[in-house]
Amino acid sequence: MSNSKNTILSLRNVKKHFPIKEGVFQNVVGQVHAVDGVSFDIGAGETVGLVGESGCGKTTIGRCVSGLEPLTDGDIFFDLTPEKLVALEDFEKHQSEIKNKYLIDEIQSTSNISKIEGDDFYNYRRNCQMVFQDSFSSLSPRQLVSDIVSRPLKIHKVCADNELIPRTIELLEQVGLGKQHLYRFPHQFSGGQRQRISIARALALDPKLIVLDEPTSALDVSVQAQILNLLHDLQKQRGLSYLFITHNLSVIRHMADKIVVMYLGKVVEAGKTEDIFANPQHPYTKALLAASPDLSEDVMSDMAALDGPIPDPARPPQGCSFRTRCPVSRTECGWEVDDIIRRLEHHETLIDSIKSVHQPDAFNAKLTFETSFSAIELKDAIGTNDIPKQMRKAIKKIEVDGNDVNISFDPVQTVPLVQSDNGSLSRCVLANK
Amino acid sequence: MSPDNLDIQNSLDKDLIASVTDLKVYFESKQGMVHSVDGVSFDIVDGEMMGLVGETGCGKSVTARTFMQLVQSPPGVLAGGNIKFRSKNIKNGSQVIDLLDLSENQIRELRGERIAMIFQDPGKALNPGLTIRTQVAEVFQEHRENDVLEKAGLKNKLSGVTEYFVKKYIKQEAGFLVTTLFKIPPLSTYKKKIDSGINRLVAEALEETQIPNPTKVMERYPHELSGGMKQRVMIAQAIACNPDLLIADEPTTALDVTVQARVLDLIKELQKRHKTSVLYISHDLSLVRRICDRIAVMYAGQIVETGDAETIFNQPKHPYTQGLINALPSMSHERGKLEAIEGIVPELIEPEPGCRFVSRCMRRKANCEEIDPKLKPISEVNKSHKVACLLYEA
């Protein structure tokens, strides 16, 4: 990143967990790790694309950034000058020896969106706007377009009452609508026009950052092209920054400067758009690219598809979270006891005969069966091809003791994000070597 | 069905499975007739994958639904045209029928049996209150009572009257009395056998769509399955009777890219294995190109261009097709320079004569607003590539 520009948004190890409540008293029985330690920066005038499958936490990040969800952990900093960013990075590296405590305190009180108050918070709300996916549900059906677009102006008292309508018309004209659309209801517009109204509303307060949550996924190709052109023109005119959330890779390739690929609440790869598309490092990114149809590709190139479902985000796998579906998984990916059970799911009688499971941590477990026969059967099943070779190799110990089976794996730390050859960050054991 | 269909039989080419001619489906509204489908003609070659592409509201789904007479009437009005379909029923040999002439009872025999449909949103198409087993079993109960008997081990073992009632029971057409009798001995033993027979058929059908653990999945409700799994259940339902024509109405729109790739692979593989013809409806051009043999592009209720998938993508002739292909974001475009088709789709209420695309067309000529373009072969050499545009009319 160049040192002259401000960093509009900086996410530092952001976590968002949703509690799972059960029973009459709504006891919290677990946490869904929707976003689990995400960090990235958005520079001024930059577009950062956030890609991933549904349920990977990309929309949650968008909601956290725009202040719609409080964070569980981590910080989001808004509008940092280069000096502040350097100070912050310095502070994170050597937390014990604080050099410029004064500056850090100032950053925390003026830029950290979960700590700022009063005018600063007001200012942040003005400067961070959001465009939602479904323009049907994000525009009030009972309000006129003039009300919808002028509402932010009224709330933030940017212009006098008699200037309200001219300013609204100006905004509508910027997004390709006009005066004649002022006194209509949202249902009188087509999908593309409604999305333009959403954009006009987001632009009303002249924000620095717009969070675009799948702005074109409900639109047709020809209209999508119109909206993408509009977004790009607005960015050029006003120097906006975008956080562009989408699952459509060809759109993101077209729009984004930097790409962040998410899987199960974690960033698996991040880097410049060209680098990621030319030379993807993480197997998940590779699979995504291979699976998305593109006109420029050869027809019927191998549709590399991923096996299996996404693991439960309430119990995300340790080690590498992608290993359960990874086509190039290794012994050191961090296999755990749950993987064995998942793999043997079709041995119905065997799984049904499990009486109890004692699991002190993810890598060690004692399974108790109803009969000793089943226990031996499990050991045999693990020896078969139902369990991939890499996983079998990773088993440290498997013992049959009467009705019990003790299984243990070598514990593995969460795979870190590391810099790969092409400068992008990737979270894979293969890249660590 | 009847001798007077014989003349139609001769008119359908040997290699075709279905042929739509000048189909017109209108909808009544307060403002006037909406011409949703206005003179659509295309053929589906036996064993091929035909793609029908177009924007929202261009009539592609209505066209598909007309195949099964699923367009609600009123407000739907069938204003003309016919759909000829070669039904390859093993019992009666193959025969050509006009799908639009059939009575409700006749079309019911075809639905799910010879023509099957996969709907867009599996979450909405599956009944949330019934288990997967019940929903897949319906197809077998309706069309395959003999198979059920065979799986239940009751074939040729029953006397005429009992068999008649057992079949009625399987088809769920039996009255209250018979249904009750099947719950108490001695008939309850039949019920158990029939149930296990149906279970085995359902499990086989689910297994064919690569659903792991079919016997477990059978007992679940739709909300317990992921989107990809639900779509697999839908596909299992659709191909259960090995139909001649499978209509897939945007089957992967609600799915993720990675799951989409899996489901597409599955459809393609099943199509090859069963030699089923597929009418694949989608708005996603790049996807259609990947899997379809031929493509028809629809705009505002009419087909504007049709031909081989490769020809359409490499040499699109109609300005609309060209616009659609150029509007796809790709590496070749500079950012912000996507070639969008300006304007919006015209209203289809009592449309004026002339080309429907004229208001958005970059290459319009003076007489485009007056003359209706006809779908014509582009050259003498390539008869299969047809386009409806005055630019190519001599």
Side-chain angles (χ1 to χ4, degrees), chain A residues 47 52-56 176 190-193 216 218-233 235-236 247-257 274 277 284 287-297 299-301 303-310 325 345-346 348, chain B residues 53-58 210 212-216 225-229 253-266 268 283-292 309-310 313 320 323-345 360:
Chain A
T47 306
E53 284 174 284
S54 55
C56 73
S190 69
Q193 285 176 318
T216 60
L219 304 176
D220 277 314
V221 205
S222 60
V223 186
Q224 167 178 295
Q226 293 173 7
I227 299 287
L228 293 182
N229 283 347
L230 171 72
L231 286 172
H232 181 260
D233 292 345
Q235 181 170 41
K236 261 211 304 218
H247 65 271
N248 189 330
L249 285 157
S250 39
V251 169
I252 213 119
R253 173 149 76 170
H254 185 78
M255 290 297 290
D257 301 305
E274 310 90 72
F277 276 91
Y284 179 64
L288 269 186
L289 290 179
S292 69
D294 191 316
L295 280 179
S296 52
E297 272 175 53
V299 189
M300 293 311 291
S301 66
M303 282 199 224
L306 294 175
D307 268 319
I310 304 177
R325 302 166 78 196
E345 238 173 13
H346 60 274
E348 284 165 34
Chain B
V53 204
E55 285 178 279
T56 319
C58 73
Q210 295 159 8
N213 266 341
T215 40
K216 274 251 170 74
L225 303 178
S226 67
M229 287 282 263
T253 318
L255 306 177
D256 270 319
V257 243
T258 49
V259 187
Q260 163 177 301
R262 277 268 140 175
V263 171
L264 285 178
D265 275 350
L266 179 69
K268 190 91 192 162
H283 68 274
D284 191 339
L285 281 164
S286 33
L287 196 150
V288 164
R289 180 197 192 184
R290 245 190 188 184
I291 58 163
C292 288
E310 274 315 289
F313 280 97
Y320 176 65
L324 269 188
I325 290 171
N326 286 332
L328 285 172
S330 75
M331 284 304 264
S332 52
H333 295 291
E334 205 184 310
R335 203 181 297 169
K337 296 260 169 65
L338 282 177
E339 292 164 41
I341 307 176
E342 293 305 328
I344 51 166
V345 185
R360 301 170 81 186

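To find a chain, count down the sequence lines: A is the first, B the second, and so on, and within it residues start at 1. Excluded from the calculations below are hydrogen atoms, water molecules and symmetry mates; all remaining heavy atoms, backbone and side chain alike, are included.
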Legend entry - Residues that A/E53 engages under side-chain hydrogen bond (donor to acceptor under 3.5 Å, both in side chains), provided they are two or more places apart: A/Y284, A/R325, B/T258

Inset, instruction - Could you look at A/A218 and say if it's the side chain, the backbone, both or neither that has a heavy atom under 4.5 Å from chain B? - result: neither

Inset, instruction - Tell me, for B/Q210 versus chain A, whether the close heavy atoms (under 4.5 Å) come from the side chain, the backbone, both or neither. - result: neither

Inset, instruction - Measure the CD1-OG distance between B/I325 and A/S222 for me, rounded to the nearest 0.5 Å. - result: 13.0 Å

Legend entry - All side-chain hydrogen bond (donor to acceptor under 3.5 Å, both in side chains) counterparts of B/T56, not counting sequence neighbours: A/D220

Legend entry - Spatial distance of atom CD1 (B/I341) from atom CD (A/Q226) [nearest 0.5 Å]: 8.5 Å

Legend entry - Portion of A/S54 that has a non-hydrogen atom of chain B nearer than 4.5 angstrom: both

Legend entry - From B/L255 atom CG to A/H247 atom NE2, the distance as rounded to the nearest 0.5 Å: 10.0 Å

